[in-house]
Amino acid sequence: MTCQKTGHNFTKIAFKPLHTNLFNIVLLSIFLTIGTGKLYSQDITKKTTAIPTKKQIDNPKTVADKTEKSIGIIKKETDSIKKDSIKPKKAFLDGKVKYKAEKYVKIDQKKKLITLYDKAELYYQDIELTSGIIVMDYEKNEVYAGRIKDSTGAYTQYPNFKQGVNVVEPDSIRFNFKTKKALIWNSRSDQGEFKVKAVITKKENDSVYFLKGARFTTSTNIDNPEYYFQTSKVKFIPGKKIVTGLTNMVIANVPTPIALPFAFFPMSKETNISGLILPSYNDSNTRGFSLQNGGYYFALSDNYDLTALGDYYTNGSYGLRFESSYAKRYKFRGNINVRFENLISSERGYPDYSKQKIYNIQWSHSKDTKSTPNSSFSASVNLGSSKYFRQSINQANVGSNLNNTLSSSISYSKTFNSVPQVRMSLTATHSQNTQTEEINMTLPTLQLSVDRIYPFVGKDGLKKGFFKNINLQYNLNGRNSIVTNDSLFFKPQMFRDAKMGIEHTIPLSTNFKLFKYFSASSSFNYKEVWYTKTIKRTYDEDKSAVVDNVVNGFDAFRTYSMSSSLGTTIYGTFNFGDDKKIKSIRHVMRPSVSYGYTPSFEKYYDTYASDATGTMIKQYSRFESGIFGAPGISNSNNLGFDLSNTFEAKVTDKDSTKVEPKKIMLLNNLNLSTSYNLNADGKTSLAWSPVRVSGGTQLFANKMNMNFGATLDPYAIDNSGARINVYNINNGGSLFRMTSANMTLNYAISSKEKDKTKDKNVQSARNGGREDDLFGTNTDLNDNRKSQFDEAEEGEDKISEFFKSELPWDMTFAYSLTYGNNNREKKIIGNSIMISANADITPKWKAGVSTGYDFVQNGVTFTQLRFERDLLSWRMDFNWTPFGTNANWGFFIGIKSGVLSDIKWNKRSNTNR
C-alpha cells in the first residue's frame with residue numbers, strides 16, 4: 001500500500017487474536033460495579049520507549065507527527081517464501097480492525113505503532129472506541145486512548161468506550177490484549193441507577209476488578225453530585241458481588257458522620273432481584289414503638305412477583321401485607337393486595353384497652369381484548385372489614401377513611417356467533433356499607449340474552465313501518481343473592497340465608513313514524529320468575545306472633561305488561577341581529593308522552609290468620625321474600641310526561657380573523673318529568689306525582705360544571721306533613737310547593753393544560769376515596785418516595801429562573817347546597833365548600849392545601865397542609881392535618897432512587913391510632 005502524501009510503501013498487516021475480544025474487559029471493569037474501580041495492569045516485562053505513558057497520551061505531540069487523514073484495515077502479511085521450520089507467532093486479533101481520524105493516521109512499522117489523532121475512531125467486533133488520540137502497539141498487544149488539548153489549552157475529546165449497551169467515559173485507557181489486564185484513569189459509568197466514578201480502575205482478570213478512590217451516587221451529575229458515597233477500595237466480581245472498604249457518605253462535598261467499615265452489594269444482571277426490604281421506625285401513644293413496612297421482595301419470575309411486608313408494635317400489635325403483580329403480554333395483567341392487622345390499643349388492664357382483627361383484600365385484573373375477542377374477563381375487588389380504612393395503621397388517606405361503601409365485581413362474558421347471536425355473562429358482585437356493616441353479594445349472577453329477531457322483515461332487510469319493525473328478544477337473569485354482615489361473612493349461616501331465583505323476560509316491541517314528525521314505540525313484556533324457596537305465613541300460637549316459614553321447592557309466577565310512548569323534537573331560533581354580540585339563541589325541546597299498564601295478579605296472593613281468633617287477611621304473596629320480588633296485587637295505569645331542553649347561543653368570536661360566529665352551550669340539559677295515575681282514587685293514592693326538575697351546564701370555557709335539581713309538589717300537606725288531595729294553589733299557596741332542591745358546583749383550573757386521561761390518585765379511588773385532593777393526598781406508607789404532588793412529565797422543561805413571572809399552580813373547587821321543605825321547614829340542610837390548591841412557590845418548593853367550610857355547622861371541614869422540597873436526588877416532604885378526628889402530621893426525607901430507598905428518615909404521628 002502506498003501512502004498518498006509521503007509515497008512510502010508499506011504492507012497491510014493482519015492480526016488474529018490469541019484471546020477473544022481484548023476490549024471486553026475494559027468495559028466490564030467500569031460497568032459492572034457500583035463504583036468502577038481501579039484496575040492496575042501488570043508491568044509489561046519487555047520495556048520499550050515506544051509505549052506512551054498517561055502523560056504522553058494527554059500530550060500527543062510526543063508520540064506522533066502530523067500526517068494526512070486516512071482509513072486503513074489491518075490484514076495479515078503474506079509471503080511467497082516457503083515456510084521454514086520455525087513456528088510463526090500467532091496473531092492476537094480475531095477480526096478486522098477499522099479505524100480513522102480527523103487530522104492524521106500514522107503507522108510506524110519500526111516501533112509497531114498505529115497513531116490516530118483528533119476525532120480518532122477505532123472499531124473492533126462489538127467494540128467502539130472514540131477519543132482525541134488512540135495509539136495501538138500491535139507488537140506489545142496494547143492500545144492506549146486519551147484526551148487532547150484545544151487551542152485554549154483545555155482538554156477535549158475524552159475517550160468513549162462502548163461495547164454493546166455499556167459505555168465508559170474515562171480520561172484515558174490502557175489495555176493489554178494478551179493478558180486481558182487494563183488500567184483506566186477517572187472512569188465514569190452507569191450501573192443501573194448508580195453513577196460511578198473511580199480515580200483508577202484495575203482489571204485483574206476476567207472475573208475480578210479493583211477500584212481505587214471510587215464514588216457512587218444516583219445524582220445525574222457524576223462530576224459534581226449533590227451527594228455521593230466515597231470509598232477508597234472496592235473489589236468487584238461482575239454479576240455476583242461488590243465488596244467495599246470504609247464507605248463514607250458525603251453531602252455537598254462535606255463528609256458526614258454516616259459511615260460503614262465495609263459494605264457488601266450483591267449484583268445480578270437480572271432486572272428483577274429478590275431482596276430484603278428494611279423497615280422504618282415509628283412510635284405511637286397507644287401502641288408503643290414500632291418497625292413498619294419491613295419484609296422481603298420475591299422476584300418469582302418475569303411474569304409475577306410477591307412482596308411480603310409486616311409491622312410490629314411493642315404492645316403486641318402487628319400487621320401483615322402481601323402484594324403481587326402479574327402480567328402476560330397480549331394476554332392479561334393485574335395485581336392482588338391482601339392486608340391483615342391485629343390491633344391492640346393501650347395495655348391489658350386499662351379501661352381503654354381494646355383488641356380487634358381487621359383485613360382488606362383488593363384484586364384488579366384486566367384481559368387484553370385482542371387475545372380472545374369473543375370473550376372477556378375482568379375483576380375489581382375491594383372487600384374486608386368495614387373498619388379497616390378507619391383504623392388501619394398503614395393508611396393515611398382521609399378520603400378512604402370517610403368512605404361509606406366498598407364494592408367489588410368479577411365478571412366473565414362470552415359471545416356466541418350463532419344466528420341469532422347469543423351473549424352470556426357471569427358476574428359476582430359485592431357491596432358493603434362500612435357504617436351499618438351490611439354486606440350484599442351475588443354469587444353469582446348469570447345473564448343470557450338472544451339478539452333481536454325481526455320475524456316480519458322481508459328479503460330486502462328493510463325495517464320500515466309498524467309490522468317490519470316488530471322484534472322480540474329473550475333474556476335470562478339468574479341470581480344467587482346473599483345479605484349478611486361483617487360478623488357472619490363467609491360463615492355457614494351466610495350461605496344458608498342465600499336467595500336464589502331465575503327471571504325470564506321476552507320483550508316484544510316495535511317503533512314507527514306517526515304523522516311524519518312523531519316517533520312512536522310500543523312494547524309488550526312477558527316475565528316468568530322461578531324460585532327455589534317461598535314462604536308460608538301463619539300465626540304461631542307459641543310465639544303469639546305471625547311468622548314466615550321457609551318452603552323449599554320449585555315455584556314460579558308469570559306476569560305481563562304493556563307500554564307505549566310518543567315523542568317529537570321541536571326546534572326554535574331567536575335571532576337578535578348580525579350586528580349584535582349575541583346573534584341568536586337556539587332552543588331544542590324534546591317532549592314525550594308515555595303510557596304503561598300492568599294488570600293485577602291477585603291470584604298469587606294468599607290469606608293467613610293474623611291472630612289467635614283466626615281472623616283471615618288476604619295481603620301476602622308466597623313470593624315476597626324472593627330476590628325478584630312478587631307480582632303486584634293492584635293494577636298500574638300511568639301516564640308519564642317528560643320534557644328535555646337544550647339552549648345554545650351563537651356569539652361574535654373574540655378572534656377578529658374568524659368569519660363564522662362561535663357556538664356556546666347555555667344549558668346542556670333542562671329536564672322536567674312527572675306522571676299521572678289513572679287509577680288514583682284521591683284517598684289512598686293521588687293522581688299527580690311531584691314534578692322533578694334537573695339541569696346542568698358548563699361555564700368558564702367548560703372548566704366549571706354546574707348541576708341543579710328540584711322537586712315540585714302540586715299537592716298541599718296537612719299538619720302532620722302528609723300529602724292531601726288538595727292542590728297547593730287551592731290551599732292558599734303557590735302552584736307548586738318546592739319540597740327539596742340541590743345545587744353542586746365543581747371547578748378545576750390550572751396554569752397549564754393537564755392530561756385528562758392521566759389518573760391523579762388511582763389508589764385513593766380504589767380504596768373508596770376521591771381521585772382529586774379535596775380530601776388531601778393519598779399517602780402510601782409502603783413507599784414514601786412518591787411525591788405528594790403531580791410530578792412533571794419526563795422531559796418536560798422545568799422552571800430554571802427564580803424570578804419567573806409564571807409558576808405552575810392548580811386549584812380544585814367544589815360547592816354543595818341542599819334545601820329541604822318536606823314539612824314546611826324551609827331549611828338549608830346542607831351548605832359546604834371545599835377547596836384544594838397546589839403551587840410551586842419556587843422552582844424547588846411546592847406547597848398545597850386542602851380545606852373547606854360547613855356553613856350549616858359553622859365549622860372548618862377537613863384541612864391538610866402539604867409542603868415538598870426537591871433536593872435533586874433527594875426529596876423532603878411534610879404534611880399536616882392540624883385538627884379533627886384525623887389530626888396527624890408526617891415528615892419524610894430520603895433518596896428518590898429505588899436502589900437506595902432504605903436511606904431515609906420517616907416520622908409520622910399516630911396520636912389517634
Side-chain angles (χ1 to χ4, degrees), residues 383 385-386 405-410 425-433 435-448 475-506 525-561 598-636:
L383 60 85
S385 303
S386 297
T405 304
L406 301 179
S407 59
S408 307
S409 175
I410 303 174
S425 67
L426 200 63
T427 307
T429 62
H430 151 266
S431 179
Q432 181 175 352
N433 189 308
Q435 299 295 324
T436 63
E437 300 187 4
E438 183 179 86
I439 300 173
N440 290 274
M441 303 182 71
T442 58
L443 296 174
T445 296
L446 171 64
Q447 291 183 316
L448 185 72
N475 300 305
L476 180 145
N477 185 3
R479 193 182 307 167
N480 181 34
S481 178
I482 299 172
V483 179
T484 184
N485 53 52
D486 269 16
S487 60
L488 299 177
F489 192 56
F490 272 101
K491 292 185 179 179
Q493 185 178 343
M494 164 183 160
F495 297 97
R496 286 198 303 267
D497 297 337
K499 298 179 181 180
M500 184 182 297
I502 298 176
E503 180 186 63
H504 309 265
T505 58
I506 301 178
N525 296 283
Y526 172 80
K527 181 171 72 172
E528 183 170 333
V529 177
W530 297 350
Y531 285 141
T532 59
K533 292 179 181 179
T534 56
I535 62 170
K536 183 174 179 60
R537 185 168 296 171
T538 59
Y539 180 80
D540 191 327
E541 294 182 355
D542 296 333
K543 297 180 180 179
S544 298
V546 177
V547 295
D548 291 338
N549 299 305
V550 176
V551 179
N552 293 313
F554 176 81
D555 205 344
F557 69 85
R558 299 158 189 85
T559 64
Y560 62 90
S561 62
T598 303
S600 171
F601 297 96
E602 190 177 354
K603 65 178 180 178
Y604 294 112
Y605 282 76
D606 303 310
T607 60
Y608 68 94
S610 61
D611 52 34
T613 62
T615 303
M616 304 301 291
I617 298 178
K618 186 179 181 180
Q619 64 174 25
Y620 96 97
S621 172
R622 62 185 182 276
F623 303 106
E624 283 182 6
S625 63
I627 56 177
F628 296 109
I633 193 172
S634 60
N635 67 345
S636 174

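Worth saying up front: this structure is predicted, and the values here are computed from it rather than measured.
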Could you tell me if the side chain of [Y] sits less than 4.5 Å from the side chain of [X], heavy atoms only?
X    : Y    : result
D497 : I482 : no
V529 : F623 : no
S481 : N440 : no
L476 : L446 : yes
T538 : N549 : yes
N477 : F628 : yes
N485 : E438 : no
S610 : Y608 : yes

I'd like to know if the side chain of [X] and the backbone of [Y] have a donor-acceptor N/O pair within less than 3.5 Å.
X    : Y    : result
Y604 : R558 : yes
S600 : I633 : yes
K499 : S625 : yes
T442 : T429 : yes
N480 : L443 : yes

Rounded at 0.5 Å granularity, tell me how far [atom1] in [X] sits from [atom2] in [Y].
X    : Y    : atom1 : atom2 : value
I410 : T445 : CD1   : OG1   : 12.0 Å
S385 : Q432 : OG    : CD    : 8.0 Å
F489 : E437 : CZ    : CD    : 12.5 Å
T484 : K491 : OG1   : NZ    : 9.0 Å

I'd like to know if the side chain of [X] pairs up with that of [Y] as donor and acceptor (distance under 3.5 Å, no hydrogens or angles considered).
X    : Y    : answer
D555 : T534 : no
N475 : E503 : no
E528 : Y526 : yes

Legend entry - Criterion side chain to side chain contact (heavy atoms under 4.5 Å, CB included) on I439 and D486, from CA distance to verdict: CA-CA 7 Å; I439 300 173; D486 269 16; 3.5 Å; yes
Inset, instruction - Give the intermediate values and the outcome of side chain to side chain contact (heavy atoms under 4.5 Å, CB included) for residues H504 and W530. - result: CA-CA 8 Å; H504 309 265; W530 297 350; 3.4 Å; yes
Inset, instruction - Using the six-membered ring wherever Trp is involved, compare the ring planes of Y531 and F557 and label them parallel, tilted or perpendicular (cut-offs 30° and 60°). - result: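 Answer is tilted, since the angle falls between 30° and 60°.
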Legend entry - Passing option when H430 is tested against S407, S409, S408 for side-chain hydrogen bond (donor to acceptor under 3.5 Å, both in side chains):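 Result: among S407, S409, S408, S408 is the only option passing the side-chain hydrogen bond (donor to acceptor under 3.5 Å, both in side chains) with H430.
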Legend entry - Least distance between heavy atoms, S544 atom then Y539 atom: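 Smallest interatomic distance, heavy atoms only, reads CA-OH, 3.4 Å.
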Inset, instruction - Quick one: closest heavy-atom pair of G501 and I627, and the distance? - result: N-CD1, 3.6 Å
Inset, instruction - Take atom OH of Y560 as the centre, draw a 6.0 Å sphere, and report whether it contains more than 12 heavy atoms from other residues, nucleotides or ligands. - result: no
Inset, instruction - Give me the one residue out of K543, R537, R622 that meets salt bridge (charged side-chain N to carboxylate O under 4.0 Å, His left out) with D548. - result: R537
